[in-house]
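In what follows, a single structure is set out as structure tokens and then discussed.
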There are 2 protein chains.
Amino acid sequence: MAEVTASLSIGQIAERTGLSVHTLRFYEQEGLFVSPVRRGPGGRRSYTEDDVDWLTVCIILRASGMPLPALRRYTDLVREGAGNEEERLALLREHHGRVTSQIDRLTQSLDLITFKVGVYEDLLEQDGRAAGPGRRRPSGGGDVPASRPGTSA
Amino acid sequence: MAEVTASLSIGQIAERTGLSVHTLRFYEQEGLFVSPVRRGPGGRRSYTEDDVDWLTVCIILRASGMPLPALRRYTDLVREGAGNEEERLALLREHHGRVTSQIDRLTQSLDLITFKVGVYEDLLEQDGRAAGPGRRRPSGGGDVPASRPGTSA
DNA sequence: GGTTGACCTAGAGCCGACTCAAGCTCCTAG
DNA sequence: CTAGGAGCTTGAGTCGGCTCTAGGTCAACC
């Protein structure tokens, strides 16, 4: 129950988070740390487990496409402490919306891709065996040699 | 049934696809057109409906994160015509995989975001009414004023 | 005949998010 | 004592994907 918050070097943080030391310094400079990064002997950065936790959140937000300025804003709000929860919520909600619509867009795109994959699979399969009209797809995904152009989307 | 493939100007294409004229010229330069863009009087680009169809595919592939070089490669394969379907399929499959894993990542991220939104909603709601312990979440998403640090991820 | 407006080219510029380079300070091990 | 390795700072470079500028052509309209 003691564990007086062991301090971690930038290298250790890099290893734990998967971010590069470059990126860690860059993030610091961009104001993405809630509490200022302490310095140990020789001016070396010294981090805590809390920093790792926070970075984990940052990484997830970044992975979901939150731009650095937004992440920075969020960090600022958290640093300011209690009293701005509405704004934090608003920010998170907005991001939530963007992520869901991004997932939607991707899912839609995936439909086309899946379709095209299927078209080529059929094409190659029936190319392999002699002939014989097996299950075919509605056609229209062959991209170019469609003889009558206009259906190649 | 006639419709001798009316030719469209770059401006019309821009309007139809939502790409800017800049981007259309840029894409052409990047080799993202299957057939070379024809030129009308005065050297003006003249497109067909087929180009629109192809661009639509390109837009979807781009929207799902396919990098320009990959898109270019795919375009090259299509331009070359029949005989390279395996490679097209491989390319599409690879992209398919990347898109699905991207969707997975986003969905995971969304979980955290949703959770945090919930935390702040609860917090603000119970802040609004006097007190009374309504349904609460397991806590741990409050970011910073957690008194005992180390649980703020 | 002057002024739009859409188009052309070549090439520069921009933005986001890193990523690296140069030159320095420490500390530790051999 | 020196070589290596981790860290430091400032500032520049990179990459992907556009986006814009400058300077010009051409056709149409008033």
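What's counted below: heavy atoms across the whole structure, side chains too, no hydrogens, waters or symmetry copies. Residue numbers begin at 1 in each chain, while the letters A, B, ... track the order of the sequences.
Taking the side chain as every heavy atom from C-beta outward, B/Asp111 and B/Phe115 never approach each other to under 4.5 Å.
B/Arg105 and B/Gln108 share no side-chain donor-acceptor pair at under 3.5 Å.
The distance from atom CD1 of B/Ile13 to atom P of C/dC8 is 11 Å, rounded to the nearest whole Å. Remark: P of C/dA6 and CD of B/Glu15 are 11 Å apart, rounded to the nearest angstrom. The nearest whole Å value for the distance from the CG atom in A/Leu24 to the P atom in C/dT19 is 11 Å.
Atom OH of residue A/Tyr74 and atom CG of residue A/Leu92 lie 4.5 Å apart, to the nearest 0.5 angstrom. Expressed to the nearest 0.5 Å, how far CG of B/Asp76 lies from CD of B/Glu87 amounts to 9.5 Å.
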Under 3.5 Å, sequence neighbours excluded: what are the donor-acceptor pairs made by side chains of residues 60-69 of chain A?
| from | atom 1 | to | atom 2 | distance (Å) |
| --- | --- | --- | --- | --- |
| A/Arg62 | NH1 | A/Met66 | O | 2.6 |
| A/Ser64 | OG | A/Ile60 | O | 3.0 |
| A/Ser64 | OG | A/Leu61 | O | 2.8 |
| A/Ser64 | OG | A/His95 | NE2 | 2.8 |

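Between the side chain of B/Arg79 and the main chain of B/Phe33, a donor-acceptor pair closer than 3.5 Å is present.
Under 4.0 Å is where a charged nitrogen must lie from a carboxylate oxygen, and between B/Glu121 and A/Arg93 at least one such pair does.
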> For A/Arg38 and A/Asp51, what are the C-alpha separation, side-chain angles and deciding distance, and is it a salt bridge (Lys or Arg N to Asp or Glu O under 4.0 Å)?
Replying inline: CA-CA 11 Å; A/Arg38 285 112 296 164; A/Asp51 291 321; 3.0 Å; yes
Would you tabulate the pairs of protein nitrogen or oxygen atoms and nucleotide nitrogen or oxygen atoms of nucleotides 17-20 of chain D closer than 3.5 angstrom?
| from | atom 1 | to | atom 2 | distance (Å) |
| --- | --- | --- | --- | --- |
| D/dG17 | OP1 | B/Arg62 | NH1 | 3.4 |
| D/dG17 | OP2 | B/Leu68 | N | 3.2 |
| D/dC18 | OP2 | B/Tyr27 | OH | 2.9 |
| D/dC18 | OP2 | B/Arg62 | NE | 3.0 |
| D/dC18 | OP2 | B/Arg62 | NH2 | 3.1 |

>> Using a 4.0 Å heavy-atom cut-off to protein, can you give one letter per nucleotide of nucleotides 6-13 of chain D, 5' to 3': B if the base is in contact, S if only the sugar-phosphate is, - if neither?
In response: BSSB----
